[in-house]
Colleague: 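Pasting in a structure now, in structure tokens, and then I'll have a few things to ask.
First the proteins, then the strands, lettered A, B, ... as listed; each starts at 1.
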Protein chains: 2
Amino acid sequence: MNRELLLLSLLRRQEMHGYQINEFLNRDLAACTDLKKPTAYFLLNKMAAQGWVAQEETREGNRPPRRVYRLTPEGETAFQDLLRENLASHAPIYFDDDIGLMALDALPADEARALLQQRRAGLAAALTEAQAAPPHGGSLQWIIQHRIHHLSSELAWVDELLGKLGQVGR
Amino acid sequence: MNRELLLLSLLRRQEMHGYQINEFLNRDLAACTDLKKPTAYFLLNKMAAQGWVAQEETREGNRPPRRVYRLTPEGETAFQDLLRENLASHAPIYFDDDIGLMALDALPADEARALLQQRRAGLAAALTEAQAAPPHGGSLQWIIQHRIHHLSSELAWVDELLGKLGQVGR
DNA sequence: TTCTGATTAGTCAACTTTGACTAATCAAGA
DNA sequence: TCTTGATTAGTCAAAGTTGACTAATCAGAA
């Protein structure tokens, strides 16, 4: 449902055509979601069938035609319902990412530590990059701050883990 | 790929039949993954076709027959490859959960805060529950500790957010 | 003038995931 | 004796997701 909410919240601010939506997803939201173009169209069509968004074909000058998507009143209601649900609940926290930790003993301790060091480096790089971006005052500011918060937390966790493994492993 | 890794790491420790696997997923791993029964069978069949796991039908006494899945040598190799990849990389961090924060201004500030308080309460309950479980020494210990770490971090984040919204909102 | 890349529209087949369902055996309670 | 719930096996249609692809217009570079 959160992907519908994302699209509805974009359209709520201003009507957009598909290319615009996908540019926004790729440019501004790439770090925050993995919603991709065919899925976006799939969901837009689904929501159009539900009456949450309306499509209108327009054309300016000789430019390629645009199909503009905008929110209907039903869409606004759905948006508010989804928003309330989204704010009130936290995502279940799954750690597919951590599954390897179930089987740490399958590798030599040295190799496992080296691999986790690689993970650490990747996290540190992502954190540096996220922090380097200029402070953002727009609608994405909370998401960006959460991302930084989370990356810091993950980095601290890997360090803690490496510390514990270091003690045990030698 | 991480779901394959999960199944392979289970089978690596001991061969298992489907019911056992799904019981383990529902009982012990429910908080860590959302891998569900039909997906598990789908992946087991796929990996069987790839030669990573072998199936064998057994029957004890009058009990219903069992189809036992076990790792092949190719499966062991695949397991190690996936494990190395898993340990060395961090999951991309997507915040479908946070999408509502893009549209906070769509609700009265008071209501938004109240909804986030609900989220906070849910996180706090999950954290209490996770911490209440007796310290776990088995293969899940790191995952459980990561879960606790993450829940604490999320709780701190929501508190920080509520603090900032409180200042702005009045 | 031709070619490349941005702008606009998607589509499609293949893959993955899931809620809901079927089917059989056996132990134990009512 | 009958019913319920655990143990064992899944299946299936429907929904969601994605990599790769097509098609048209226009501005600007070569």
Colleague: Hey, is the side chain of B/R67 poking within less than 4.0 Å of OP1 or OP2 on D/dA9, counting only N and O atoms?
Modeller: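 Negative; the distance criterion is not met.
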Colleague: Taking CD from B/Q55 and C1' from D/dG10, how many angstroms apart are they, rounded to a whole number?
Modeller: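 B/Q55 atom CD is separated from D/dG10 atom C1' by 11 Å.
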Colleague: Rounded off to whole Å, could you give me the CG-to-C1' distance for the A/N22 and D/dT17 pair?
Modeller: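 Those two atoms, CG and C1', are 14 Å apart.
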Colleague: Looking only at heavy atoms, which two atoms of B/I143 and A/L101 are closest? And how far apart?
Modeller: CG1-CB, 4.4 Å
Colleague: Nearest of C/dC12, C/dT16, D/dA9 to any side-chain atom of B/K46?
Modeller: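 Within the option list, the nearest is C/dT16.
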Colleague: Rounded to whole angstrom units, what separation is found between the CD atom of B/Q20 and the C1' atom of D/dG10?
Modeller: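 About 16 Å, once rounded to whole Å.
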Colleague: Would you kindly give the CG-to-P distance between B/N2 and C/dT17, to the nearest whole Å?
Modeller: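 Atom-to-atom, B/N2 to C/dT17, this comes out as 11 Å.
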Colleague: Grab the two heavy atoms, one from A/G75 and one from A/L8, that are nearest each other, plus how far apart they are.
Modeller: O-CD1, 4.2 Å
Colleague: What's the NE2-C1' distance between B/H17 and D/dA6, to the nearest Å?
Modeller: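 Checked: the NE2 to C1' distance equals 13 Å.
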Colleague: Taking for each residue the nucleotide of DNA chain C with the nearest heavy atom, is it B/K37 or B/A40 whose nucleotide lies nearer the 5' end?
Modeller: B/A40
Colleague: Rounded to the Å, how far apart are B/F42 CZ and D/dA15 P?
Modeller: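 After rounding, the gap between these two atoms is 18 Å.
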Colleague: Return the nearest nucleotide to the side chain of B/P38; candidates are C/dT17, C/dA20, C/dG10.
Modeller: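 Looking only at heavy atoms from C-beta outward on B/P38, the closest nucleotide is C/dA20.
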Colleague: Report the residue from B/R119, B/R113, B/R120 that forms a salt bridge (charged side-chain N to carboxylate O under 4.0 Å, His left out) with B/D159.
Modeller: B/R120
Colleague: Could you tell me how far apart B/Y19 (OH) and D/dT11 (C1') are, to the nearest whole angstrom?
Modeller: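 To the nearest whole Å, that distance equals 18 Å.
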Colleague: In whole angstrom, give the distance that lies between atom OH of A/Y41 and atom P of D/dG16.
Modeller: 19 Å
Colleague: Between B/Y69 and D/dG10, is there a contact of a side-chain N or O with OP1 or OP2 at under 4.0 Å?
Modeller: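 Checking B/Y69 against D/dG10: at least one side-chain N or O falls below 4.0 Å of OP1 or OP2.
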Colleague: Please determine if a side-chain N or O atom of A/T39 lies less than 4.0 Å away from the OP1 or OP2 oxygen of D/dG16.
Modeller: no
Colleague: Is there side-chain contact between A/W157 and B/Q145, with heavy atoms separated by less than 4.5 Å?
Modeller: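 When only atoms from C-beta onward are counted, B/Q145 and A/W157 do touch, with a gap below 4.5 Å.
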Colleague: Counting C-beta onward and ignoring hydrogens, is there a side-chain heavy-atom pair between A/L43 and A/T39 closer than 4.5 Å?
Modeller: yes
Colleague: Between A/L43 and B/N45, name the one whose nearest nucleotide on DNA chain D is closer to the 5' end.
Modeller: B/N45
Colleague: Between B/K36 and C/dT18, does any side-chain N or O lie under 4.0 Å from OP1 or OP2?
Modeller: yes
Colleague: Using OP1 and OP2 only, check whether a side-chain N or O of B/R3 sits under 4.0 Å from C/dT16.
Modeller: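 So the side chain of B/R3 is outside the cut-off, no N or O lying under 4.0 Å from OP1 or OP2 of C/dT16.
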Colleague: Taking the side chain of B/D34 as heavy atoms from C-beta outward, which of C/dT18, D/dT8, C/dT17 is closest to it?
Modeller: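 When the side chain of B/D34 is considered, C/dT18 is the closest of C/dT18, D/dT8, C/dT17.
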